[in-house]
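Convention: sequence-line order gives letters A, B, ...; per-chain numbering from 1.
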4 protein chains.
Amino acid sequence: MQTTKTVQKGVGNGSNPVLESGDYRVADLSLADWGRKDINVSEFEMPGLMELRKEYGPRKPLQGMRVAGSLHMTVQTAVLIETLQELGAELRWCSCNIFSTQDHAAAAVVKAGSAHVFAWKGESLQDYWQCTDRVLTWPDGEGPHLVVDDGGDITLLIHEGFKAEKMFEADGTLPDPDSTKNAEFKCVLQTLRDSVQRDPTRFQRMANRVIGVSEETTTGVNRLVQMARDGTLLFPAINVNDSVTKSKFDNTYGCRHSLPDGLARATDMMLAGKVCVVCGFGDVGKGCAEALRAAGARVFVTEVDPICALQACMQGYTVTTLEEALTEADVVVTATGNRDIVMKEHMARMAEARRPGGSRPASVPVVCNIGHFDNEIDWEGLVQDPSIRRETIKPQVDRFIWPHGGSVVVLAEARLMNLGCATGHPSFVMSCSFTNQTLAQIELVTHHDTGKYQNSVYVLPKHLDEKVARLHLPKLGAKLTHLTDSQAKYIGVDKEGPFKPAAYRY
Amino acid sequence: MQTTKTVQKGVGNGSNPVLESGDYRVADLSLADWGRKDINVSEFEMPGLMELRKEYGPRKPLQGMRVAGSLHMTVQTAVLIETLQELGAELRWCSCNIFSTQDHAAAAVVKAGSAHVFAWKGESLQDYWQCTDRVLTWPDGEGPHLVVDDGGDITLLIHEGFKAEKMFEADGTLPDPDSTKNAEFKCVLQTLRDSVQRDPTRFQRMANRVIGVSEETTTGVNRLVQMARDGTLLFPAINVNDSVTKSKFDNTYGCRHSLPDGLARATDMMLAGKVCVVCGFGDVGKGCAEALRAAGARVFVTEVDPICALQACMQGYTVTTLEEALTEADVVVTATGNRDIVMKEHMARMAEARRPGGSRPASVPVVCNIGHFDNEIDWEGLVQDPSIRRETIKPQVDRFIWPHGGSVVVLAEARLMNLGCATGHPSFVMSCSFTNQTLAQIELVTHHDTGKYQNSVYVLPKHLDEKVARLHLPKLGAKLTHLTDSQAKYIGVDKEGPFKPAAYRY
Amino acid sequence: MQTTKTVQKGVGNGSNPVLESGDYRVADLSLADWGRKDINVSEFEMPGLMELRKEYGPRKPLQGMRVAGSLHMTVQTAVLIETLQELGAELRWCSCNIFSTQDHAAAAVVKAGSAHVFAWKGESLQDYWQCTDRVLTWPDGEGPHLVVDDGGDITLLIHEGFKAEKMFEADGTLPDPDSTKNAEFKCVLQTLRDSVQRDPTRFQRMANRVIGVSEETTTGVNRLVQMARDGTLLFPAINVNDSVTKSKFDNTYGCRHSLPDGLARATDMMLAGKVCVVCGFGDVGKGCAEALRAAGARVFVTEVDPICALQACMQGYTVTTLEEALTEADVVVTATGNRDIVMKEHMARMAEARRPGGSRPASVPVVCNIGHFDNEIDWEGLVQDPSIRRETIKPQVDRFIWPHGGSVVVLAEARLMNLGCATGHPSFVMSCSFTNQTLAQIELVTHHDTGKYQNSVYVLPKHLDEKVARLHLPKLGAKLTHLTDSQAKYIGVDKEGPFKPAAYRY
Amino acid sequence: MQTTKTVQKGVGNGSNPVLESGDYRVADLSLADWGRKDINVSEFEMPGLMELRKEYGPRKPLQGMRVAGSLHMTVQTAVLIETLQELGAELRWCSCNIFSTQDHAAAAVVKAGSAHVFAWKGESLQDYWQCTDRVLTWPDGEGPHLVVDDGGDITLLIHEGFKAEKMFEADGTLPDPDSTKNAEFKCVLQTLRDSVQRDPTRFQRMANRVIGVSEETTTGVNRLVQMARDGTLLFPAINVNDSVTKSKFDNTYGCRHSLPDGLARATDMMLAGKVCVVCGFGDVGKGCAEALRAAGARVFVTEVDPICALQACMQGYTVTTLEEALTEADVVVTATGNRDIVMKEHMARMAEARRPGGSRPASVPVVCNIGHFDNEIDWEGLVQDPSIRRETIKPQVDRFIWPHGGSVVVLAEARLMNLGCATGHPSFVMSCSFTNQTLAQIELVTHHDTGKYQNSVYVLPKHLDEKVARLHLPKLGAKLTHLTDSQAKYIGVDKEGPFKPAAYRY
């Protein structure tokens, strides 16, 4: 593992399993105390997970289960990890984003022996995929029973590994990093090449062992659905993203919190009076637009879906195209889950307007991504254009200056700016998402032998979705009303729920 | 037909079919000119319907179809009626609420010969069901091919009529109004008793003829789903309510407009600083709460569903029970779609606090319903209690005064206050709903013989839902973005849509 | 008095002074019962006035005072009138706007004998000024001790009358209606001409008798300040408009309520997604913009004052010129207190864009005024242009149609649309304003002989302003915090207030 | 100067005057490059200052003026400093808050030679007052011509120094640090004691030389007004705080931005659904409440002033007392400008409710101050109580844990949390404030000999206030409307402004 981090063989204390090379703390144990205090305070904001510890802790439904996780290694994730551990799991963890690790959280988790953690803030792409590979490799060389995924990178590695091994088996072909120009996929191929050479049936054994994966994001789910449709999915998947208490909470209210937080920490820019363009008005875009409006910005929305566009209209946003908004825009946020949203040409036109003598001199627009992958913004186009000078103001805040003097600031190297420039979503809303994750893991184990889950993609049953909400209400002092028998009968539901048909949109 | 209206046989002019006894204009032709001007202006706000006239008018897909409608006879409905007529339909219409008819709209429709209309503002319950019966009776004694329903009262009458005829056929039993204490159902039974005696196979022939119904509301859909589940549904039903462009627009944004409108017209009460309780945080409740908050009110929400309750929390509303909020509440709005929400006992406690010497003297709380049926509020309990004095301030605004002097104002006799005290939803949002209705009618006719629609409940295909939105965007100056080929491929959708999976929640 | 109303000599009942020709009830006593019930309910919403009745009623500080009022004759004003009466005053009242009278309120006041009322909804300009003149004429031919003014029309009549009498005295010149083209000032001059001919020293005696005036509006205050500056003011004036509890409440929160109310009652137009232009971002404009935004509109603001313009920016409104916004605008609201804001040429350009084939076909923009005088909009320009067809949709809602088919709707004949199309501000906020009015009247009488008030313009002392607020808090359940001695000392104020320096802006 | 910083005699480069002991960069030159880049980007957000550089730079109105500043040494202040320098001033600067210095900004200013800077993040109280003293001591031993103050600490030191010297002159009394228990005032007295002993007429010469001070805050202005009232003010003061473009912008919109920013950086707490109490509803409290509401919090307001309380009601906030809100409160923010708002007893009750078994277990409320001095919160009471354990989670975030286990988090040691935990107000709004500061400095110098400014407190003339706004509009794309001659005449103002009377409240 070639990284900029010093890596050495560590030895754990009593409560700590023997440390492995690459565990976070090997380099930065010093942050662990701070991390522990931060985790302790976050537990107060994650009532769903804490209640699951109380409810399931004693009977340990995950006992003996190896869980591999790829999910932003933050303080909140630490509370998830320690919840899964308390339910009996043995954990290995990496981050699903090169900038999203909070080092103090990683250190505290390692120090407590809660999990082996292969993640730090500011990984290289090579680091990233090696860490992902390490998470799948228990000391005995075998893989996990369960996967917690966010964006689907563990799932991708297993499935690509499986394919590579089959190809190698067939005709000795090895994955070839030179076969792609995509910098990231090069690393994936290198990682697989090394693996196949080392152990040519490893991923096949792994696919066989995995009971299932629970996936956190729209993008990851899209990949899973595609594979299920193609018949290539190797194990059952629970789509946690589409639990109401995930997609309508984390995506919307999480971003409502973390978009302005990321902008403030990165740029300290006042949003009042500024023109902010939100590309995409899905759950994420809705939260972003609400936050920007609330800060006093004038919000423009771009959309391809006429229904979402009409929703944006009804909320008073101006629905237009990026092309029309470029000159006026002070901030552009991508929240589409699609690719090629803000291209170099767009940014060049933005910069052009800001050159001395341009239509909007004396300003520098900010471009950032809160959707999913960095390909929403043409980062590659910028960094590979030698005529555009890159000035790093501080880590994750880069100003690109065109020869005419006009410039654009891009945050977090086009990756998720709320994780790269701030600390991601706040604990409370992550508690909703992670309570879903935990229930999904329990569900997969519990129904392992029942045939309930095939190699397909499932959402959690509605009663569990409602349970997640129910666990979070007392923290906010909310009091539920209870149906009478006659009321329940009148609307044809059980008094204890679920209360809505499957198609209900909330 | 025994009503308070003068009824006489009218004779139509050239463009007007011969008027029938009961047609609105027979009594009040004088309002027709005003109604026409109002309809003309509303057409500007209903771009979806006007575009359908352009697109389908020439080929008249509803040619020869008899359409019976039960839907608030407002200016907006007039535009729907005249759209259906332009597509070829022959129409008979009644209102689905005793207070919701706008007399000038009814008059204009009758004068133009667009439909036979049996509806006026302030019907008795007896009037109401006789009007509904009339709508189902073409001059040849036969019924409609298509039904447009809002709340399901036409559908109910046909199904109950069908059952009654079967019972009469079996053993001569006639529907007995004395078998129920419910004032409204008494009228239904009387209407059916008369019908069975007059023509004992009429509803059976009607059920046979009906191609399908398109239904507008949650409540009506619930009834349909129940019947479909029980296998008693007599014809296909399209659930227009659950088109996204209906439930997420009309229910939410319509009520956001019409709740404060109804409160203002009925009471002129300033909402700023007041405590307003919204019972139910579904699509309707969400719109109500947003409007009240925007007016400066302090908004409390009651909910039984923990997910909706948590959504209310995230928006900053106080989630509590009605019991806890009673004393503080200045306004209580029911938006549950359930029964027995605000009972006489609740109102007695509200009034008690407002008596001289009570905890909140010198105030009169307002109770109103924007959900669906009047049984959300215990109107019967109030009017039948001789100890409570009823003082009608103006039509649809009643103050109930307890002996101790405390009092409560109830709007619209507990029926939909936005229709009873104001003019219902505004044209633009009704254009969305009614464009769905029109597309549903076309869909039912087009697929009449294809077997696509069985005696079950369907939602419109998503591409039509998106079409409805698309037709309304230009009016608001909104510009859609278009997917590139590679973007469409990347997210796995057709470039022209539909853009989202069926379960997407918007 | 030549009006369209039947006028006859009435005879009062026991509690009623003998009615005069012109008293409202002479024509429409039938509405009095409804008016009384409405007034009774409004009293619950006007805690400031009701508390003043309790506090001052017993000692009757206005005993023997003749009070002449010119202020929208609404239900709320009825509560003011009856409060002043309970404090001992003898009252005569007219409306300060030809459309703003609520007939049922006027009827109830007359029936109760609370005041002589010369006002009805829909006066002609001639009616209007004759009513104003009648209000100044007690049966003995003499005038009032005190004036309550809104817009300054009573004050204007007295001052113009005074000047006319002086001119007549000097050289026999009589006011000449033909000397002006302004339709309204013609009526003023005719009224004065009649008066001078009838009684050439009447206004001089009146000016001498008047103790003072309390004025409600920005416009009226501007006139007073001008006269005070010129040394022509004939009696002391209290500027009630600039009490904080007036200008920051009635102007802002009143309009926030009554602008959307007026738009809804007049047009039922959905505001969501529409472009609404607010001309002027003073206290009134701020309330309007907030209401329109809250309804989902996209709000543009026009301003001349850079500070107010920057405030609009900070709240996220687009600040632009009317010229730039014309084509996009769906609604234009004037709130400037200045003249010539929306001219015929502006409206012609709006209509032009809406003609068939124009850039925004199939729409009809709405233009209305909530500032003060009807000269904010070029109503005269429209009605006097024979090429523009006027179609009255309903009273106070006129559509002007250009030959090319494009059209514009103007509300309330360019007068205050919230009063012309709805019922003005709600009771609670008017209670703040009228509590100031009442305190001002008491203040003028109390200090009549002390020399505290000269022929100049004063605001109420801050402790009274705070008192007005204090009287309204309990109704909203608000609990004040109290300063400790050391805290009061620390910030250098009295524990009981006033709490702020005079220049504090709130 | 005894500090934790390494202090040494530095030598400047070409563009840099010889460094003095204590200049920031002596310790941390390494941050200067980052600071410079940050300053450069901030210049884009501070159009008012940049325009003043263009307008006044060439004629250097501050040529030869020594300016001493005590104002948070942030990036924004760096732009102010460099603007004053470009106008000709020689500058020495310290921070007015021990936590508010941004070290990279200080370093960049020092490196550029723009000013001598005596400030760093995390000073001791002793450091703080020694730095203030250093700022007043030019190398020749004499003081400044002009003072820029924020909170009035330079002004205080000069006035207290003046008094101390007079007392020493009279009877040889020296300031005695032991005469006070207040930790901060001890430092002031020690500083003065040293000064009097060193140079017994220094402050008298300084008071004589100072042309005037411009003061930024409510608190500082209160002190000045008090001194002016007592006749002890030693030089003219311009109250920049009460420029509209300061108090209605920086206070309100600055805090709207920086309160949630501070909370997020310190705690990452989600505000949605939480109960947040804002103590004080002045300009600062208004901004805080708006921000918290916008984040989805339920906002309670405490107030002593009934007018401000009624404003809070009109905006839909719950107005109550701190005592009533303690148990529910998740966040308490002080914004009163008064003392003793949240006492140890209050926090003890908050903690008590959060102990295991309490009414709100599993939560930790946050208490913070955004008003002015740290005495709004009883920090001393907490840290001096040995029974309460202090756990520093990270700098400026302290958790106080009672023996029963309940706890409270206090931010920034009760000092301004937006400066202590985040970066203070954003550049754009500070540009408004600092443009006022710069215009005030120019005004003081320009009118030095004209007698326009006596030893009293003045606000800037309205035309300058409007100029500040005008300079900031183009950045936001705002377009002003211009009055016609007839309009200007109609409302009685000059076409170019000022547009409003002095008492206008905006």
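Within the 4.5 angstrom heavy-atom criterion, only side-chain atoms of B/Glu324, from C-beta onward, approach chain A. Heavy-atom distances place no part of B/Thr318 under 4.5 Å from chain A, backbone and side chain included. Of the two parts of A/Asn375, only the side chain, counted from C-beta on, holds a non-hydrogen atom closer than 4.5 Å to a non-hydrogen atom of chain B. Within the 4.5 angstrom heavy-atom criterion, only side-chain atoms of A/Ser247, from C-beta onward, approach chain B. With a 4.5 Å cut-off on non-hydrogen atoms, B/Phe249 touches chain A through its side chain but not through its backbone. Both the backbone and the side chain of B/Tyr506 come within contact range of chain A, judged by heavy atoms closer than 4.5 Å. In this structure, chain A has heavy atoms under 4.5 Å from both the backbone and the side chain of B/Ala309. Looking at A/Leu476, the atoms closer than 4.5 Å to chain B (heavy atoms on both sides) all sit in the side chain, from C-beta outward. Using a 4.5 Å cut-off between heavy atoms, B/Lys495 makes no contact with chain A at all.
The CG atom of A/Leu464 sits 5.5 Å away from the CG atom of A/Leu439 when rounded to the nearest 0.5 Å. A/Asp340 CG to A/His346 NE2: the interatomic distance, rounded to the nearest 0.5 Å, is 10.0 Å. Atom OG1 in A/Thr336 sits 3.5 Å away from atom CD1 in A/Ile341 (nearest 0.5 Å). The line from CZ of A/Arg470 to CG of B/Asp305 is 8.5 Å long, rounded to the nearest 0.5 Å. Distance check: B/Asn251 CG to B/His425 NE2 gives 6.5 Å after rounding to the nearest 0.5 Å. In this structure, CG on A/Leu52 lies 11.0 Å from CE on A/Met46, to the nearest 0.5 angstrom.
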A/Glu45/A/Lys475 under salt bridge (Lys or Arg N to Asp or Glu O under 4.0 Å): CA gap, chis, key distance, verdict: CA-CA 8 Å; A/Glu45 287 287 296; A/Lys475 169 76 184 170; 3.3 Å; yes
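Side-chain N or O atoms of A/Arg339 include none that pairs as donor or acceptor with a backbone N or O of B/Ile491 at under 3.5 Å. In this structure a side-chain-to-backbone donor-acceptor pair under 3.5 Å is present from A/His472 to A/Val468. The closest donor-acceptor contact from the side chain of A/Gln487 to the backbone of B/Asn338 lies at 3.5 Å or more, if one exists at all. A/Glu328 places no side-chain N or O within 3.5 Å of a backbone atom of A/Val275 that could act as its donor or acceptor partner. Counting only distance, with no hydrogens or angles, the side chain of B/Glu376 and the backbone of B/His372 share a donor-acceptor pair below 3.5 Å. Here the side chain of B/Asp378 pairs a donor or acceptor atom with the backbone of B/Lys344 at under 3.5 angstrom. No donor-acceptor pair closer than 3.5 Å links the side chain of B/Glu466 to the backbone N or O of A/Ile307. For the pair A/Lys286 (side chain) and A/Phe281 (backbone), a donor-acceptor distance under 3.5 Å is present.
Among the candidates A/Lys248, A/Glu290, A/Lys467, A/Glu323, the residue making the largest number of heavy-atom pairs closer than 4.5 Å to chain B is A/Lys248. For the options A/Leu310, A/Thr252, A/Leu473, A/Val319, heavy-atom pairs under 4.5 Å to chain B are most numerous at A/Leu310. Your options are A/Val459, A/Asp283, A/Asp465, and the one with the most heavy-atom pairs under 4.5 Å with chain B is A/Asp465.
Identified by a heavy-atom distance below 4.5 Å to chain A, the contributing residues of residues 426-435 of chain B are B/Phe428, B/Cys432, in residue-number order. Using a 4.5 Å cut-off between non-hydrogen atoms, the part of residues 237-245 of chain A that approaches chain B consists of A/Asp242, A/Ser243, A/Val244, A/Thr245. Within residues 217-232 of chain B, no residue approaches chain A closer than 4.5 Å by heavy atoms.
Counting heavy atoms of neighbouring residues, nucleotides and ligands inside a 6.0 Å radius, atom NZ of B/Lys479 does not exceed 12 of them. More than 12 heavy atoms of other shown residues, nucleotides or ligands fall within 6.0 angstrom of atom CD in B/Glu345.
Not counting sequence neighbours, B/Phe373 has no partner by the ring pair (Phe, Tyr, Trp, His ring centres under 6.0 Å) test.
For A/Glu303 and B/Thr481, the side-chain atoms include no donor-acceptor pair closer than 3.5 Å.
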